[in-house]
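Can you keep this structure in mind? I'll have questions shortly.
Small disclaimer: the values here were computed from a predicted structure and weren't measured.
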Amino acid sequence: MNAVSSASADSLRAALAAVLDGLPPNRAAQAVERLIANYRGTTPTDAPVLRDRSDVAAYAAYRMPATFEAVRGALDALRAAAPDWEPRTHTDVGGGTGAASWAVAEAWEEAPPRTTVLDWAEPALALGRELAAGVFDAEWRRERIGAALSLPEADLVTVSYVLKELTEADRTALVTEAARAAQAVVIVEPGTPDGYERIIAARTRLTDAGFTVAAPCPHSGACPIVPGTDWCHFSARVSRSSLHRKVKGGSLPYEDEKFAYVAAVRFPVTPTPSRITRRPQIRKGQVLLELCGPEGLGRDTVTKRHGPLYKQARDAEWGDSWPPEEQS
């Protein structure tokens, strides 16, 4: 594929700025408020949330940069577990304006896979096609996302911020169909307790179908978190343009997107020895790490006497593998 520009966070923000230029701020703000209420709600819907181009433009400004970074974080973890694997085909289920497809195109920018974006909202597909023009090639296809959905066989299937919008029966059917169609499945949900519960249910269905968990978990066994006591989630830093800040009503040049995810595959992978599950706590002369490993949840304290490992611990971030590869 000969792309005019690469699929990056910067090029996505530039494309969004061009789309939002001229949209009345009050109309965008009203659409954003309605979308936020829907995004935080608990009632699944069987009708498209995005009704027209104004809705879609507001949604794109509100959600695309954050969704891009969250999916990119999940893909980075998948690539770390399977560095030699490259998908040639990709299906983005419920992809809307294509944030996950942008992340996939950037993750494998040397040879982006052939992408098919499926969504039930035609205005979202139309804007997604417009945003991606000259960046990556994709087929944008209208499909009802539910129990009747039949997916084409693909190397990679992504399902990002979709399960919340479905009934429990439709969620089960979708994950089952993704497991049938794909060699690798990446599912991303909000980093909330209920988002984590949906991820765990999907993870269980994938492992029952014969998949191996590539990330974030260091194993494919049961999650060691006692239900109701905590939840596994991660954070991605999202840069915001001035236009993005205006539409979202914020002032900071960044936000932190909390997300939960699972990446599972049908081919050999090397999962992380353990995963940092909280922000490292840096104290005088020591770093406290909360970890999830093959034996379950645990803590590690790295001090100056550990030499180079201490500096690496100070530089480590929430969601990173531990210990670093050269130390493992």
Problem set entry | By salt bridge (charged side-chain N to carboxylate O under 4.0 Å, His left out) - contacts of E130 (at least two apart) | R53

Seminar exercise, completed: Taken in chain and number order and not counting sequence neighbours, the residues that satisfy salt bridge (charged side-chain N to carboxylate O under 4.0 Å, His left out) with R114 are none

Side chains of residues 73-89: which donor-acceptor pairs under 3.5 Å do they make with residues two or more places apart or in other chains?
unit_1, atom_1, unit_2, atom_2, d
D76, OD1, R72, NH1, 2.1
R79, NH1, A107, O, 2.7
R88, NH1, A111, O, 3.0
T89, OG1, D155, N, 2.9

For this session: Identify whether the distance between the nearest side-chain nitrogen and carboxylate oxygen of E189 and R171 falls below 4.0 Å.
Result: no

Exercise. Do W108 and V269 belong together in a cluster built from hydrophobic side chains that touch within less than 4.5 Å?
Worked result: yes

Problem set entry | Heavy-atom neighbours of E139 CD exceed 12 at 6.0 Å | yes

Seminar exercise, completed: salt bridge (charged side-chain N to carboxylate O under 4.0 Å, His left out) pairs touching residues 283-296, sequence neighbours excluded, are E290-R299

Problem set entry | Contact summary for A222 and H219, nearest pair of heavy atoms | O-CE1, 3.3 Å

Exercise. Any side-chain heavy atom of E197 sitting closer than 4.5 Å to one from P227?
Worked result: no

Problem set entry | Path from Y196 to I276 over hydrophobic side-chain contacts below 4.5 Å | no

Exercise. Would R141 and E122 count as a salt bridge (Lys or Arg N to Asp or Glu O under 4.0 Å) if you check the C-alpha gap in whole Å, the side-chain angles of each, and the deciding distance to 0.1 Å?
Worked result: CA-CA 8 Å; R141 199 165 77 204; E122 183 58 42; over 6 Å; no

Exercise. Do D315 and K311 come close enough that some side-chain heavy atom pair is under 4.5 Å?
Worked result: yes

Exercise. With a 4.5 Å heavy-atom cut-off, do L16 and L131 have their side chains touching?
Worked result: yes

Seminar exercise, completed: Between I200 and C223, the two heavy atoms sitting closest are CD1-CB, 3.8 Å

Seminar exercise, completed: Value for OG1 (T277) from CG (L297), rounded to nearest 0.5 Å, stands at 6.5 Å

Problem set entry | Transitive ILVMFWY side-chain link L166 to I187, under 4.5 Å | yes

For this session: Test E255 against S239 for side-chain contact (heavy atoms from CB on, under 4.5 Å), laying out the working first.
Result: CA-CA 7 Å; E255 63 184 353; S239 297; over 6 Å; no

For this session: Go through T172 and R205 one step at a time and tell me if the side-chain contact (heavy atoms from CB on, under 4.5 Å) criterion holds.
Result: CA-CA 8 Å; T172 299; R205 187 153 296 277; 3.2 Å; yes

For this session: Give the C-alpha distance, both sets of side-chain angles, the deciding distance and a yes or no for side-chain hydrogen bond (donor to acceptor under 3.5 Å, both in side chains) between H90 and T158.
Result: CA-CA 8 Å; H90 165 230; T158 56; 2.8 Å; yes

For this session: Would you kindly confirm whether L149 and V159 end up in one hydrophobic cluster when ILVMFWY residues are joined by side chain heavy atoms under 4.5 Å apart?
Result: yes

Problem set entry | K164/D194 salt bridge by N-O under 4.0 Å criterion | yes

Problem set entry | Gap between atom CG of D300 and atom OG of S274 - 0.5 Å precision | 8.0 Å

Problem set entry | Q183 side chain vs F267 backbone, donor-acceptor pair below 3.5 Å | no

Seminar exercise, completed: Residue set satisfying ring pair (Phe, Tyr, Trp, His ring centres under 6.0 Å) with F211, at least two apart, ordered chain then number -> none

Exercise. Just by modelled atom types, is the M64 backbone N or O under 3.5 Å from a matching donor or acceptor in the T67 side chain?
Worked result: no

Problem set entry | Heavy-atom pair with the smallest gap, counting every atom of G98 and D92 | CA-OD2, 4.1 Å

Problem set entry | Approximate separation, where rounding is to 0.5 Å, of S150 OG and E177 CD | 5.0 Å

Exercise. Do we get R305 above Y310's six-membered ring, with its NZ or CZ under 6.0 Å from the centre and within 45° of the axis?
Worked result: no

Exercise. Same cluster or not: are V175 and L151 linked, directly or through other Ile, Leu, Val, Met, Phe, Trp or Tyr residues, by side-chain heavy atoms under 4.5 angstrom apart?
Worked result: yes

For this session: Look at the side chain of W322 and the backbone N and O of P273, then say whether any donor-acceptor pair between them is shorter than 3.5 Å.
Result: no

Problem set entry | Minimal non-hydrogen separation, A215 against R275, with atom names | CB-NH2, 3.7 Å

Exercise. At what distance, to the nearest 0.5 angstrom, does CG of L12 lie from CD of E106?
Worked result: 10.0 Å

For this session: Check the angle between the aromatic planes of F234 and Y261 and answer parallel, tilted or perpendicular using the 30° and 60° thresholds.
Result: tilted

Exercise. Do W102 and S11 have side-chain heavy atoms sitting under 4.5 Å apart?
Worked result: yes

Exercise. Does any non-hydrogen side-chain atom of F259 lie less than 4.5 Å from one of P190?
Worked result: no

For this session: With rounding to the nearest 0.5 Å, note down the distance linking CG in D320 to CG in L291.
Result: 11.0 Å

Exercise. Quick one: salt bridge (charged side-chain N to carboxylate O under 4.0 Å, His left out) pairs with a partner in residues 222-236, sequence neighbours left out?
Worked result: D230-R278

For this session: Give the minimum heavy-atom separation between G96 and D119, together with the two atoms involved.
Result: N-OD1, 3.0 Å

Problem set entry | D208 and L206: CA distance, side-chain angles, deciding distance, side-chain contact (heavy atoms from CB on, under 4.5 Å) verdict | CA-CA 5 Å; D208 286 349; L206 290 169; over 6 Å; no

Exercise. How far does OG of S235 sit from CH2 of W318, to the nearest 0.5 angstrom?
Worked result: 5.0 Å

Exercise. Taking the side chain as C-beta and beyond, is there a heavy-atom pair between V162 and I145 under 4.5 Å?
Worked result: yes

Exercise. Can you tell if the side chain of P112 reaches within under 4.5 Å of the side chain of V104, non-hydrogen atoms only?
Worked result: no

For this session: Decide yes or no for P271 and V213: does some side-chain heavy atom of the first lie under 4.5 Å from some side-chain heavy atom of the second?
Result: no

For this session: Examine distances only and state if a side-chain atom of D170 and a backbone atom of A147 form a donor-acceptor pair shorter than 3.5 Å.
Result: yes

Problem set entry | Stepwise side-chain contact (heavy atoms from CB on, under 4.5 Å) check, V186 with V157 | CA-CA 6 Å; V186 174; V157 167; over 6 Å; no

For this session: List the atom of P218, the atom of P294, and the distance in Å for their closest heavy-atom pair.
Result: CG-N, 3.8 Å

